[in-house]
> 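A single structure is presented below for examination.
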Amino acid sequence: MLRIQNACKTLGQFSIRDINLEVDQGQYFVLLGPSGTGKTVLLEIIAGFHTPDKGKVFLNGKDITRLSPEFRKMGFVYQDYMLFPHMNVQQNIFFGARKRFAPEEIKKRLGPLVEMLQIDHIMDRFPMTLSGGEQQRVALARSLITAPEILLLDEPLSSLDPNTKETLQGVLKEIHRKYGTTVLHITHDFNEALNLASHVGLMLNGSMAQVGEVNEIFRSPKNIDVATFLGIENIFPGSCQDGVFVCNEKLKFPIKRLEPEAAYVYFLSDDVTICNSNSAHDFKGSVKDISKQKDYVTINVDMGHVVKIKLSHREFQLNSLQPGNEICFSVNPERIGWIA
Amino acid sequence: MKTRILNSLFQGTNFLFGLALVVLIVVSVSLVIIRGIPQFGVSIHSPEILFAIKLSLYTSLLSTLFCTIISIPVAYYLARIKSNYTLLVNTVLDIPLALPPIVSGVALLLLFGTTEFGRTLSHMGLEFVFTVQGIILAQVFVNISYMIKIIYTSFISVSPRMEFVARGLGYNQLETFVKITLPLARQGILAAIIITWAKALGEFGAALMLAGATRLKTETLPLSLFLNMSTGELELAMAAATILIVISVLSLLVFEFLGSEGIVLDRTGRNGGL
C-alpha cells in the first residue's frame, strides 16, 4: 500500500539514506530507532512536508513523491500534539473534517469517535487547559475524523506519564481494531513496539537496519548494532571451534545450526536460570554486583565477560545472593543466537 | 560586615542610577508638556497645527499600511526559508535600520531626484521630491526594516509543524497561512503596526531631505516643531511636541499591553497568544 523506494534526505543535522520500506493495508507498523536517527524526517517525507533529495514514495501504486500534503489524505499526529491554540477542541476536530465532509457526515462521524476517545466533556475547552493525554486524544480525533488512508504517529506517547502512556496504548489498539486504519507509528520505546506493532522497522543512523515481524526482530537481530539497540543484555564476541562457540575459557556455547562466520553470541538475561545442580552444561562464576529495579533484580556474573541474569525479587530472595558468591547458572539453549 | 556594606553600596548605586535616569526623562518630557499646555487650546486651532496634524495622520497611516502590506510576506518568507540567499536579504534589510534617517533621506533624494528612474516615475505622475508622497516614501523606507523584524519574530514563534498539520488536514499554503499562521502571529503584527505608526508620526530626518520643510505643504508635526522652533514660535512648537509625546506614550502603552496580553491569555488558556 505504502512503498518507499531509496529515499534520501538531509535536513539540518538529520539525514536519512536509501530507505526502503513497505507497509501493507491494515498493518500496525512501528518504526523503531533511537532519537536523532531521522525517523521524523522519514514520516514528514511520507506526509509530503518535505520532498526527498532522492527516491520515491508510492501510495497504492501511485507515485506521490511530489504530491502536495493537502492531497495525500494522511493523518499526522506529533509528539507535542500541535493542536491549534486559537481554536477550542471542537473547532480543532472540525478543522480538517470540514474540508472533506458535509456537516451531516461530520456529525455522524463525530459521535462514535468522541465516545471512543472519551473527549465529550472537553469539547468547549481550549488546548492550553488540557492535560497531555487529553491533548493527544484530541489530536487523534482531529486526524481520524478525516478518515485518513494512513495514520502517521510521531512518537505520540513520548511526552506522557507512564499511566497515561499505557491507557493511550490501549486507545491506539482500539483505533486500529475498530477503524482498520493503516498505522505507521515511530518510537524509541521497545515496549511500545512489542505491545502495538504487527511489523517493525528498525532505523539506525539514518538507515533501515532491519524490517520484519515484531517477534522475529526481537528474536533474531540481524547485526550487532540491532542487537545492542534492542537492549539484548548478553552479547559476547568469540569464534566457532568444532560446533561450539567459544568466547573464553569459561564461556563456551554448544549451538545448533552454528555457522563458521558467527562472530557474536547473544541471549536475553531472562533466558538465564540459576541452578543448584552441577551438570556439564552449567556455568560457574562469581557475583560481581547486583542492581535492583522496581520489577526485577539484575545479577552481574564475572565470567571473563559480564553475564547478566534477570531474577524476580522472589527468586533473588530465595537464593540470598551477595557480591562475591559463587553461583551456577544455565542458559536456555533454544534461546542462544549468533550474529555474523 | 564589610561585605554587607559593599553589597548595600552596590545595590544603592544601581538604584540611584536608575532613579536619576527616570527623573531626567520625566522632568524633561514634563517641561515640554507644561510649556505646551497653557497655549494648547489656542495652538491646536491654528491652521498650521491643524494642517500638521492632518498631514501627519494621513502620511503615517498610509505609510504604515504600505509597510504592513510589504512586511508580512517578506517576514514570512524570511521566517520559513533558510538559505544563504535569505541571509543576504536579511543583512540588506538591516541597512535602513543602521543608517541615520537623514542619510536615508539623501539616498532617496538622489535616487528619485537625479536618476532616469526618478524622472520616469515623475513623468508618470509619481513625484516624490518635495511632495507629500515623498514623506510617505521616507517613512516607509525608514520603518519597514524594523516592522519586518518584529513580524519576523512572531512568525518564527509559530511552529512550522503546526502548519504541516494544517496542510495534512487538507489546507493549501495560503489557507494555512490565513487560518493558522496569521491568527497565531496577530498580536505581534498588531504591535508592529502600532509601533511603526508611532515611528512614522515622528519621522523627521529622511522626510526633511526628500520632501523638504515647506510650511503648509510638507509640514508634518515634527517638521512643524522644527520650523516653529527655528522661527521662535514656541507655543506652536510646544503644541506639536505635546501631541507627539501623547501619541508616543500611548502607543508605547498599547505595544506593552499587546506584548503582555499574549502571555496572560496563554495562562488562562483562552488563547495561545504569540
Side-chain angles (χ1 to χ4, degrees), chain A residues 11-12 40 43-50 67-89 91-101 122 124-131 135 138-139 141-152 154, chain B residues 72 76-87 151 153-191 258-274:
Chain A
L11 203 71
T40 301
L43 217 58
E44 289 180 342
I45 285 176
I46 296 171
F49 304 153
H50 310 298
L67 188 69
S68 275
E70 55 265 37
F71 302 118
R72 293 197 185 199
K73 292 195 173 167
M74 291 184 183
F76 204 110
V77 175
Y78 276 110
Q79 174 181 356
D80 39 3
Y81 333 117
M82 288 292 148
L83 296 178
F84 306 129
H86 57 305
M87 301 180 193
N88 68 18
V89 168
Q91 290 163 335
N92 261 285
I93 296 175
F94 281 12
F95 185 77
R98 274 204 305 267
K99 273 274 169 184
R100 302 225 167 118
F101 302 113
I122 54 170
D124 294 332
R125 305 248 302 264
F126 278 85
M128 289 295 178
T129 68
L130 303 177
S131 70
Q135 291 195 53
V138 175
R142 179 176 66 178
S143 226
L144 283 171
I145 199 167
T146 63
E149 296 235 25
I150 303 184
L151 190 57
L152 303 169
D154 180 14
Chain B
I72 289 179
Y76 186 65
Y77 175 80
L78 293 175
R80 286 295 177 261
I81 311 285
K82 293 274 160 281
S83 71
N84 291 338
Y85 173 69
T86 50
L87 199 71
I151 297 182
T153 314
S154 29
F155 281 149
I156 283 283
S157 70
V158 179
S159 168
R161 295 187 300 150
M162 193 83 81
E163 298 174 344
F164 285 164
V165 170
R167 298 288 306 279
L169 289 169
Y171 288 74
N172 65 32
Q173 277 183 309
L174 180 64
E175 288 170 329
T176 301
F177 181 72
V178 172
K179 288 190 186 286
I180 303 296
T181 320
L182 268 187
L184 292 181
R186 76 176 187 286
Q187 267 157 333
I189 295 173
L190 268 178
L258 281 175
S260 60
E261 193 190 26
I263 298 160
V264 175
L265 284 179
D266 258 358
R267 291 210 183 114
T268 59
R270 281 183 289 122
N271 194 300
L274 295 176

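These figures come from a predicted structure and were not determined experimentally. We use all heavy atoms of the structure for the numbers below, so side chains are in, but hydrogens, waters and symmetry mates are not.
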> Between B:Lys179 and chain A, with a heavy-atom cut-off of 4.5 Å, which part of the residue counts as in contact: side chain, backbone, both or neither?
both
> Below 4.5 Å from any heavy atom of chain B, which atoms of A:Leu83 appear? Answer side chain, backbone, both or neither.
backbone
> What part of A:Asp80 gets closer than 4.5 Å to chain B, counting heavy atoms only: side chain, backbone, both or neither?
side chain
> Can B:Glu175 and A:Lys99 be said to form a salt bridge (Lys or Arg N to Asp or Glu O under 4.0 Å), step by step?
CA-CA 11 Å; B:Glu175 288 170 329; A:Lys99 273 274 169 184; 2.7 Å; yes
> Can you list the residues that meet the side chain to side chain donor-acceptor pair (under 3.5 Å) rule with A:Arg98, with sequence neighbours excluded?
none
> As an exercise, state the distance from OG1 of B:Thr181 to CD1 of B:Ile189, rounded to the nearest 0.5 Å.
9.5 Å
> Looking at chain B, which one of A:Arg100, A:Arg72, A:Lys73 has the largest number of heavy-atom pairs inside 4.5 Å, strictly under?
A:Arg100
> Could you tell me which non-hydrogen atom of B:Leu184 sits nearest to which non-hydrogen atom of A:His86, and how far apart they are?
CD2-ND1, 3.4 Å
> Using the side-chain contact (heavy atoms from CB on, under 4.5 Å) definition, which of the options A:Thr146, A:Leu43, A:Leu152, A:Leu151 pairs with A:Met74?
A:Leu152
> Pick one of side chain, backbone, both or neither for A:Tyr78, based on which atoms fall under 4.5 Å of a heavy atom in chain B.
side chain
> Among the options A:Phe84, A:Tyr81, A:Phe76, A:Phe71, pick out the one with the most heavy-atom pairs lying under 4.5 Å from chain B.
A:Phe84
> Using a 4.5 angstrom heavy-atom cutoff, name the option from A:Arg142, A:Glu70, A:Met87, A:Met82 with the most pairs to chain B.
A:Glu70
> If I compare all heavy atoms of B:Ser154 with all of B:Gly188, which pair ends up nearest, and what's the gap?
OG-CA, 3.7 Å
